[in-house]
Amino acid sequence: MSTEEELKQERVSKAEKLRALGVDPYGGRYPDVMSTDSVRERADGLNLAAGDMAEGERARVAGRIVLQRVMGNLVFLTIRDAAGDLQFGLSKKLLKDHWPAIKLLDLGDFVGGDGCLGLTKTGELTLWADDFKMLCKALHPPPEKWHGLSDVELRYRHRYVDLFSNPEVRAVFQRRSAIIQAVRDYLISCGYIEVETPALQPIYGGAAARPFTTHHNTLDMDLFLRISPELYLKRLLVGGMERVFEVSRNFRNEGLSTKHNPEFTMVELYEAYADYNVMMERVEGMTALAIERLDGKFKRPYGEVELDYTVPWSRRKYGDLLEEFASVRMTDVDAVRKKADELGIEHGGMADAVVINEVFERTVEHHLIQPTFVYDYPAAVCPLTRRHPEDPSVALRFEAFVNGMELGNAYTELNDPRVQEENFKQQLSGQGETMAIMDEDFILSLEYGMPPAGGLGVGLDRLVMLLTDSKSIRDVILFPLQRPK
RNA sequence: GGGGGCGUAGCUCAGUCGGUAGAGCAUCGGCCUUUUAAGCCGCCGGUCGCAGGUUCGAGUCCUGCCGCCCUCACCA
């Protein structure tokens with residue numbers, strides 16, 4: 001009895017035996033359960049000594065059986081709920097009527113128990129059940145009890161198994177929730193309101209990426225899954241919503257990596273009458289609140305390095321970094337192209353600004369380990385950004401880098417409709433055209449007048465990676481894309 | 001797409017030079033009322049990712065394919 005099918009059949013027949021005993025193997029309502037952590041909290045106040053049973057201190061707990069120790073007429077179960085683990089003590093003496101059903105328990109089943117709290121003689125907090133309910137028969141055995149599920153492919157394909165057998169995985173997603181909640185709370189405290197804009201868009205824009213295409217049957221029209229919410233959020237600035245943010249699932253039809261998933265989550269925000277300097281403070285502020293909610297540690301390990309998120313983060317000019325690490329001036333196009341040759345970059349058909357950016361990515365980015373804002377980008381790669389008032393070849397844009405990875409991207413927003421229209425019309429060779437697709441309604445909105453503003457997008461999956469010391473974006477996305485087997 | 005690695009029982013993993021497929025956990029049977037990965041005794045469980053090839057003989061060597069991981073490229 002040990003192939004996968006035989007193991008399952010064994011459990012199916014146990015479910016039938018339970019029914020024959022008059023026990024529903026799939027339970028039903030089980031009200032007034034306490035979480036295991038609140039049970040522990042209560043037990044702490046009882047000053048129990050090892051071996052004590054606290055008469056009258058009753059509790060009801062439900063969860064999944066993750067360990068089982070059977071000693072004839074005494075059974076210890078380790079029960080896991082959302083908060084943690086708790087030991088059940090089941091004795092034939094207290095549970096005579098239930099005993100035939102208890103003999104049919106397996107690892108992985110959900111059960112509920114009701115009884116008095118106590119400590120065993122080794123001091124383990126135990127719920128000594130005098131009432132018991134079968135809540136769900138599991139038909140598949142859980143993974144090995146010590147190592148859990150460690151096969152990476154199975155972990156992603158059967159994330160539900162990963163989650164219940166590897167508590168540290170569940171902890172990462174609890175922290176993810178806390179981080180995103182902190183981001184929301186921070187922005188709300190700054191006077192922002194949360195909005196929702198279309199994920200299905202007739203024209204895609206706001207970023208440079210290939211989209212996923214779909215089709216609406218009734219309207220018989222192609223639609224794109226958004227690569228960015230930018231152009232819609234800016235329309236809200238036109239409409240008089242002065243501080244808006246969206247937690248936006250974006251979709252980009254590009255490659256997969258430890259830092260890229262085809263669908264990913266950003267927080268994108270726009271603030272009227274601000275600029276990109278204010279946006280730097282927003283990045284610092286949301287990160288700081290997230291860290292405080294987690295553990296308050298601003299110096300945190302990430303792999304082999306220690307990252308220091310203490311505010312303020314370093315602010316470095318794009319051109320200065322290019323000189324420091326590539327030894328070329330942004331303005332010296334010949335030198336930049338020569339450097340590109342040295343790096344083996346095929347730059348024949350590329351616009352100057354694109355070549356500069358290629359050189360920057362290859363020479364500078366991997367040096368940006370500690371949290372750093374890089375500001376004032378070559379204007380030609382920033383079609384949605386306001387130009388520097390003293391140097392129109394530079395755009396008022398920054399990117400936030402941590403551990404060599406882009407965490408966020410922000411602009412002092414372009415609100416001149418004529419300049420925006422020109423930028424849309426301009427073809428950026430070697431850059432793809434996605435950022436430069438004409439959106440006439442967006443131009444129309446700018447013609448009605450958009451207040452000067454700062455705008456920012458922060459990759460929340462990446463923020464969660466950094467703050468939870470996760471090496472891959474798949475470790476912070478519950479169901480990362482996998483090819484069907 | 002390029003390069004590298006991995007794929008053996010339900011799970012976690014061994015498998016030497018090419019010579020009968022192994023362990024632990026789980027399951028199943030037995031003992032057991034204070035265990036903590038409970039313990040002890042006994043049994044069952046395999047298309048070695050798939051398909052070919054070389055060989056007297058392939059988990060092992062070769063080729064192709066599938067899946068996953070890492071990395072580079074792409075994706076600012």
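Being a predicted model, the structure only gives us computed values, none of them experimental. Worth knowing before you read on, the calculation uses all heavy atoms, side chains too, and leaves out hydrogens, waters and symmetry mates. Naming convention: chains lettered A, B, ... in sequence-line order (proteins, then strands); numbering from 1 in each chain.
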May I ask you to say what [X] touches in the nucleic acid, namely base, sugar-phosphate or nothing, with a heavy-atom cut-off under 4.0 Å?
X      : answer
A:S150 : sugar-phosphate
A:K14  : sugar-phosphate
A:Y156 : sugar-phosphate
A:E361 : sugar-phosphate

In Watson-Crick or G-U wobble terms, both distances under 3.5 Å, what is the partner of [N]?
N     : result
B:A9  : none
B:C50 : B:G64
B:G39 : B:C31
B:G1  : B:C72

Is it the case that the base of B:U35 and the side chain of A:E124 share a donor-acceptor contact (distance under 3.5 Å, atom types as modelled)?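 By the distance-only test, no, there is no pair.
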Does A:T122 make a side-chain donor-acceptor contact with the base of B:U36, cut-off 3.5 Å?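 In this structure, the two groups form a donor-acceptor pair.
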Please report the distance separating the P of B:G29 from the corresponding atom of B:C43, rounded so that it comes out in whole Å.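 B:G29 and B:C43 have their P atoms separated by 16 Å.
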Please list, one pair per line, the donor and acceptor atoms closer than 3.5 Å that link side chains of residues 108-118 of chain A to other protein atoms, with sequence neighbours excluded.
unit_1: A:D109; atom_1: OD1; unit_2: A:A138; atom_2: N; d: 2.9
unit_1: A:D109; atom_1: OD2; unit_2: A:D106; atom_2: N; d: 2.9
unit_1: A:D109; atom_1: OD2; unit_2: A:K137; atom_2: NZ; d: 2.8
unit_1: A:D114; atom_1: OD2; unit_2: A:R60; atom_2: NE; d: 2.6
unit_1: A:D114; atom_1: OD2; unit_2: A:R60; atom_2: NH2; d: 2.8

Flag the pair A:R252 and A:E263 as a salt bridge only when some basic side-chain nitrogen lies within less than 4.0 angstrom of an acidic carboxylate oxygen.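 Result for this pair is no, no salt bridge flagged.
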